[in-house]
Number of protein chains: 2
Amino acid sequence: MKKALVLHSGGQDSTTCLAWAMKKFNHVETVSFDYGQRHNVELQAAKRIAKKLGLKNTVLRTDIFSQLGKNALTHNVKITKGKNGLPTTFVPGRNIFFLTIAAAYAYSRGITDIITGVCQTDYSGYPDCRDATIRSLEKTLSLGMDKPFNIHTPLMFLTKAQTVEMIEKLGYFDLLGLTHTCYEGKNPPCKKCPSCKLRAKGFKQAKKHDPLLK
Amino acid sequence: MKKALVLHSGGQDSTTCLAWAMKKFNHVETVSFDYGQRHNVELQAAKRIAKKLGLKNTVLRTDIFSQLGKNALTHNVKITKGKNGLPTTFVPGRNIFFLTIAAAYAYSRGITDIITGVCQTDYSGYPDCRDATIRSLEKTLSLGMDKPFNIHTPLMFLTKAQTVEMIEKLGYFDLLGLTHTCYEGKNPPCKKCPSCKLRAKGFKQAKKHDPLLK
């Protein structure tokens, strides 16, 4: 039985990964992180989508990021470019942290295939989304837990438009209507924040209408 | 100015690493993890030692391990060999997790040298203590945060007896009287748990009297 664990934020990218996993694996579970994000609507979206697909969704809580200094994900900080040239939404090591915890959880569930929606393309230059980081982490986790983990990143080299096309081809396009993307936590989306704009651009280029916009 | 961050549990090994860092770096800080360990005496030892040396000690809290299943560090589980051949004190990915968070904290403090007391020798076969894991993680963290991190592991290939000799040569032997080692949280130590036995063996082989035993 091929089992997989999908890191599911409730957003467009990880939902596309979930659709991908549904096609590739016999048994799929999802894990979401309650890390003190400003908007709980993301976790609600993840629950909603898991329920729709009849999957187990586990929420793991952590308050570590709020202890590491201010950032725009867990604090009321303006989304802009920080001193280090990265957006203020950057939390150092965030994806390494999430994937490490996901792998530890997968270990306890007897799962070694882990799927994440990180992506080099169209992104804001977060260094922990790069393929080189993920491949190195895959090796680190496999060595550190003595399990042959596979970290699958089906979106790594795709544009936003291509991810829209991917979920359509996989037959799960309608799930996008249940996702959440807006950094401002708005539903309907604010259409003005960087996340909303990036999402809109992808749908426009793919010549599709976003089901979230009714 | 050469700055370093030491992961300090308050135990014998990380205290020896702290002594090592005091000799090698101009500025030293320590970070400790409050991860729901059964005994808070470890954190008290870390505070005590930092105070003695006039260093900043930061405690980061996380309750993630207790969410990942039962283990002998955060639950009242007997210390024995588990089904996977590892002791029940094994928490998958624990050191990867600690070092990732320490690196994220170091990032915020402008520090790239991190020191940890993990050790291949004399240990219970925890795969995340191995040099290969640490070297891989060093690369992962450097890629993932775009900073050239160095993870120093001065005890990696030493026996317990050699770590006793090391701290003596560094001139910090007396600090061992302030450390905590016992898995059972006892002070004076229980002398029966695996940690107490391992510690006693090291002092015996180094022909030194443990200052913790008065």
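Your options are I101(B), T58(B), N95(B), L141(B), and the one with the most heavy-atom pairs under 4.5 Å with chain A is I101(B). When each of E138(A), K147(A), R135(A), K139(A) is checked for heavy-atom pairs under 4.5 Å with chain B, K139(A) comes out on top.
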Test L143(A) against R130(B) for side chain to side chain contact (heavy atoms under 4.5 Å, CB included), laying out the working first. CA-CA 8 Å; L143(A) 284 166; R130(B) 289 187 301 202; 4.3 Å; yes
Yes or no on side chain to side chain contact (heavy atoms under 4.5 Å, CB included) for D128(A) and D146(B), after CA distance, side-chain angles and deciding distance? CA-CA 8 Å; D128(A) 57 347; D146(B) 226 357; over 6 Å; no
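In this structure, the separation between CZ on F97(A) and CD1 on I64(B) is 5.5 Å, given to the nearest 0.5 Å.
Looking at every heavy atom in both residues, I96(B) comes nearest to G144(A) through CD1-CA, 4.0 Å.
The backbone N or O of S136(A) lies less than 3.5 Å from a partner atom in the side chain of T140(B), making a donor-acceptor pair.
When heavy atoms are compared at a cutoff of 4.5 Å, V59(B) approaches chain A solely by way of its backbone atoms N, CA, C and O. Looking at A132(A), the atoms closer than 4.5 Å to chain B (heavy atoms on both sides) sit in the backbone and in the side chain alike.
Applying the 6.0 Å contact sphere to NZ of K3(A) captures more than 12 heavy atoms from other residues, nucleotides or ligands.
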